[in-house]
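Comments concern the structure below.
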Amino acid sequence: MSMADSVVVLDFETTGLSPDMGDRAIEIGAVRLENGEVVDHFQELMNPGFRISSFIESYTGITNAMLAGAAPCAEVMHRFADFVGEQNMIAHNASFDKRFLDAELEAISRSYVGEFSCSLLASRRIFQDAPNHKLGTLVDYVNLSAEGTFHRALYDAEMTAQVWMIMLSTICEQYAMKEIPFSLVQKLNKTPKKSVHKLLSQSASEG
DNA sequence: TGCCAGGCCCTCTTTAGGGCCTT
């Protein structure tokens, strides 16, 4: 895996489900993967400028008291944009995190050039026998030891990264491939389930 | 103030509905 194939696995905690409805990020966590290893990480709380609901406090464990002392979203997102650089990104249900990344970066007139791939869409194709494809379920399914707290940004990003790497290893073993280019995972994300085997077989035979 | 999404995927589908995922 070359430098160009290193990726940032990220996860947002937010005030709700939709930036279009006024929801904001309250925490960003991320790890950078190179050669199948975590080589860097990022985690910061950020103050959205208003009180978060008791539901979000209990869901995430992030309290209004914790956010009162946090830097504003704008300041944190500038640092995160620098962390991401030009790299591609992965998230579990990437469409969710992408919406918040887009909204928070637009608010500070920053942008990114990397592309997203989704571990949820990939797992639905590769781990078709999993009971469901929630992150916590997949962590159990691939026999990872879960010794942290879910619904905190860095921990969820770390777990997503571990599940992601096991997914790639599973593909490599089943199809005798040495590496999985990011472009192939993006194709996989959009391939109908019934065509996944054909896609991976052809990719393997093309070297 | 309070409203509260959206993309994917299946099926009893395509003139649609509902479950799964994310906070």
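We name chains A, B, ... by the order of the sequence lines, and we start the count at 1 in each one.
The same atom, C1', is picked in dG18(B) and in dC12(B); the two are 12 Å apart, to the nearest Å. If you take atom C1' in dG7(B) and the same atom in dT23(B), they sit 16 Å apart, rounded to whole Å. dG19(B) and dG2(B) are spaced 27 Å apart, taking the C1' atom of each and rounding to whole Å. Nucleotides dC4(B) and dC8(B) have their P atoms positioned 24 Å apart, rounded to a whole Å. Rounded to the nearest Å, the gap between the P atom of dC20(B) and that of dT15(B) is 26 Å.
Separating the CG atom of Leu17(A) from the P atom of dC3(B) is a distance of 15 Å, rounded to the nearest angstrom. Protein atom CG of Asp102(A) is 12 Å distant from nucleotide atom P of dG7(B), rounded to whole Å. To the nearest angstrom, P of dT1(B) lies 15 Å from CZ of Arg51(A). Look at CZ on Arg99(A): it is 17 Å from P on dC4(B), rounded to the nearest Å. Rounded to whole angstrom, the span from the CZ atom of Phe50(A) across to the P atom of dG2(B) amounts to 15 Å. Note: CE (Met21(A)) to P (dT1(B)) measures 15 Å, nearest angstrom. Taking atom CZ of Phe100(A) as the reference point, atom P of dT23(B) lies 10 Å away to the nearest angstrom. Atom-to-atom, CG of Asp156(A) to C1' of dT23(B) comes out at 11 Å; the value is rounded to the nearest Å.
Two residues, Asp20(A) and Lys190(A), neighbour DNA chain B, and the one matched to the more 5' nucleotide by heavy-atom proximity is Asp20(A).
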With the criterion being N/O to N/O and under 3.5 Å, what pairs connect the protein with nucleotides 17-20 of chain B, and how long is each?
| residue | atom | partner | partner atom | Å |
| --- | --- | --- | --- | --- |
| dC20(B) | O2 | Arg124(A) | NH2 | 3.4 |

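Rounding to the nearest 0.5 Å places CD1 of Ile180(A) at 9.0 Å from CG of Leu188(A). Here the OG1 atom belonging to Thr63(A) is positioned 7.0 Å from the CD1 atom belonging to Ile52(A), to the nearest 0.5 angstrom.
Between Phe96(A) and Phe100(A), the ring-plane angle classifies as tilted under the 30° and 60° cut-offs. The aromatic rings of His197(A) and Tyr175(A) sit tilted, their planes meeting at an angle between 30° and 60°.
Between the side chains of Thr15(A) and Asp23(A), a donor-acceptor pair is found at a separation under 3.5 Å. Checking His41(A) against Arg32(A) by side-chain atom types alone, no donor-acceptor pair falls below 3.5 Å.
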>> For Asn189(A) and Ser117(A): C-alpha separation, side-chain torsions, deciding distance, then whether side chain to side chain donor-acceptor pair (under 3.5 Å) applies.
In response: CA-CA 7 Å; Asn189(A) 276 182; Ser117(A) 194; 3.1 Å; yes
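At the heavy-atom level, Asp11(A) lies under 4.0 Å from the strands shown only through sugar-phosphate atoms. Residue contacts shown for Leu121(A) are limited to sugar-phosphate atoms, with no base heavy atom under 4.0 Å away. Residue Arg125(A) is in sugar-phosphate contact alone, with no base atom involved, counting any heavy-atom pair closer than 4.0 Å across all strands shown. Residue contacts shown for Phe55(A) include a base, since a base heavy atom lies under 4.0 Å away. Note on Thr15(A): nothing from the nucleic acid sits closer than 4.0 angstrom, heavy atoms only.
Without hydrogens or angle criteria, Tyr155(A) side chain to Gly148(A) main chain gives a donor-acceptor distance under 3.5 Å.
In this structure, His151(A) reaches the dT23(B) phosphate: one of its side-chain N or O atoms is under 4.0 Å from OP1 or OP2.
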